[in-house]
Amino acid sequence: MTTALSHIMPPPQEAIPIPQSKAPLTLTGWDHIAFSVPDLVAAERWYVEVLGAEVVGRYNWGGDTSHPVGPHEDIRIGAHIVSLFLGEPLEAAPPPRLFHYAFNCRTLEESDAWRAHLERQGVPYQGPMAHPGFGVVSLYCTDPWGTRLEIATWLSDFETAQAAAVQRGGAVWGQTERPSPG
């Protein structure tokens, strides 16, 4: 399947069948995500200090010249790898409005701790926000280069998520949104 010039198509109003996969195997999930930053040292510090990332590899910088790909590094957040490549950040070519990377947070108490941490670090954020139709409460921020990030906490249902967001001074998407601090 190839994609030429695209335009936004509204979803059909009638029911359509769910497609059946013709793939020979089932993938197990994401291996890593990768995006560009203009300063590897500043990005490494931000992701380590703000999101608690662990540096797992640096390539073609700090004296290393053995890697066949340009300067980048791998950091681990939870069980996942984020590859930060030296280059123009997403802000240089704005992604679609909903394009973002979401990290998982286990509990509302952890989400509260993340919110307090973002405030201490001076990172503007939006949230906590509940999502209509399903049970998740999210915090949103951007890294210094415009990459959109989400910290999501899954709960049992929308009503529980809505109550949790509102109790914490947040809101529901599509309703009055809590302004970013600062």
Side-chain angles (χ1 to χ4, degrees), residues 6-16 18 27-37 42-54 75-84 89-182:
S6 63
H7 60 282
I8 297 173
M9 295 287 301
Q13 298 303 306
E14 69 280 354
I16 62 171
I18 295 175
L27 297 173
T28 60
W30 293 110
D31 179 72
H32 69 278
I33 59 173
F35 49 88
S36 299
V37 296
E44 177 180 274
R45 287 187 180 136
W46 192 87
Y47 278 90
V48 169
E49 292 172 6
V50 175
L51 295 184
E54 170 194 359
I75 58 174
R76 183 185 334 274
I77 299 176
H80 303 285
I81 298 295
V82 176
S83 296
L84 302 171
L90 286 175
E91 197 172 63
R97 183 178 71 81
L98 295 175
F99 188 83
H100 65 278
Y101 299 100
F103 300 104
N104 184 259
C105 179
R106 293 174 290 212
T107 67
L108 288 171
E109 291 74 22
E110 284 187 7
S111 179
D112 293 341
W114 276 110
R115 190 163 44 121
H117 175 68
L118 292 173
E119 289 174 5
R120 283 191 305 274
Q121 293 292 318
V123 176
Y125 67 91
Q126 184 178 30
M129 301 298 293
H131 299 262
F134 51 98
V136 69
V137 174
S138 297
L139 301 173
Y140 294 91
C141 66
T142 60
D143 75 8
W145 306 277
T147 303
R148 296 174 182 145
L149 306 170
E150 174 184 0
I151 298 173
T153 306
W154 285 88
L155 303 174
S156 59
D157 53 48
F158 170 66
E159 291 74 21
T160 304
Q162 179 180 18
V166 170
Q167 176 187 22
R168 288 165 168 74
V172 175
W173 276 116
Q175 297 177 9
T176 305
E177 296 180 10
R178 178 181 187 270
S180 297

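Annotation: side chain of Val172 is in contact with side chain of Pro132 (closest heavy-atom distance under 4.5 Å). Counting heavy atoms from C-beta outward, Glu44 and Leu84 have side chains that stay 4.5 Å or more apart. When side chains are defined from C-beta on, Asp143 counts as touching Phe35, because their heavy atoms get closer than 4.5 Å.
Listed by chain and number, the residues in a salt bridge (charged side-chain N to carboxylate O under 4.0 Å, His left out) with Arg76 are Glu54 (sequence neighbours excluded). In terms of the ring pair (Phe, Tyr, Trp, His ring centres under 6.0 Å) criterion, residue partners of Tyr140 (sequence neighbours excluded) are, by chain and number, Trp173.
Atom CD1 in Ile33 sits 10.5 Å away from atom CD1 in Ile81 (nearest 0.5 Å). Separating the CD atom in Glu150 from the SG atom in Cys141 is a distance of 10.0 Å, to the nearest 0.5 Å. Once rounded to the nearest 0.5 Å, the distance linking OH of Tyr125 with CG of Leu118 reads 7.5 Å.
Taking both residues in full, the closest heavy atoms of Pro128 and Arg168 are given as CG-CB, 3.7 Å, listed atom of the first, atom of the second, then distance. Across all their heavy atoms, Ala171 and Ala165 have their closest contact at O-CB, 3.6 Å. Of all heavy-atom pairs between Ala34 and Tyr101, the closest is O-OH, 3.8 Å. Closest approach of Val136 to Ser138, counting heavy atoms only: CG2-OG, 4.0 Å. Minimum interatomic distance between Glu49 and His117 (heavy atoms only, all atoms of both residues): O-NE2, 3.2 Å. Contact detail for Arg115 and Leu139: the closest heavy-atom pair is N-CD1, 3.8 Å.
Note on ring orientation: taking the six-membered ring where Trp is involved, the planes of Trp46 and Trp145 are perpendicular (angle over 60°, cut-offs 30° and 60°). Ring-plane geometry between His131 and Phe134 is classed as parallel, the angle between the planes falling under 30 degrees on a 0 to 90 degree scale with a further cut at 60.
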(request) Test Leu155 against Leu108 for side-chain contact (heavy atoms from CB on, under 4.5 Å), laying out the working first. (result) CA-CA 9 Å; Leu155 303 174; Leu108 288 171; 3.9 Å; yes
(message) Assess the residue pair Leu51 and Ile75 against the criterion (side-chain contact (heavy atoms from CB on, under 4.5 Å)); give the C-alpha distance rounded to whole Å, side-chain angles, the decisive distance to 0.1 Å, and a yes or no.
(response) CA-CA 11 Å; Leu51 295 184; Ile75 58 174; over 6 Å; no
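For Gln13, the CD atom sits in a loose shell: 12 or fewer heavy atoms of surrounding residues, nucleotides or ligands are nearer than 6.0 Å.
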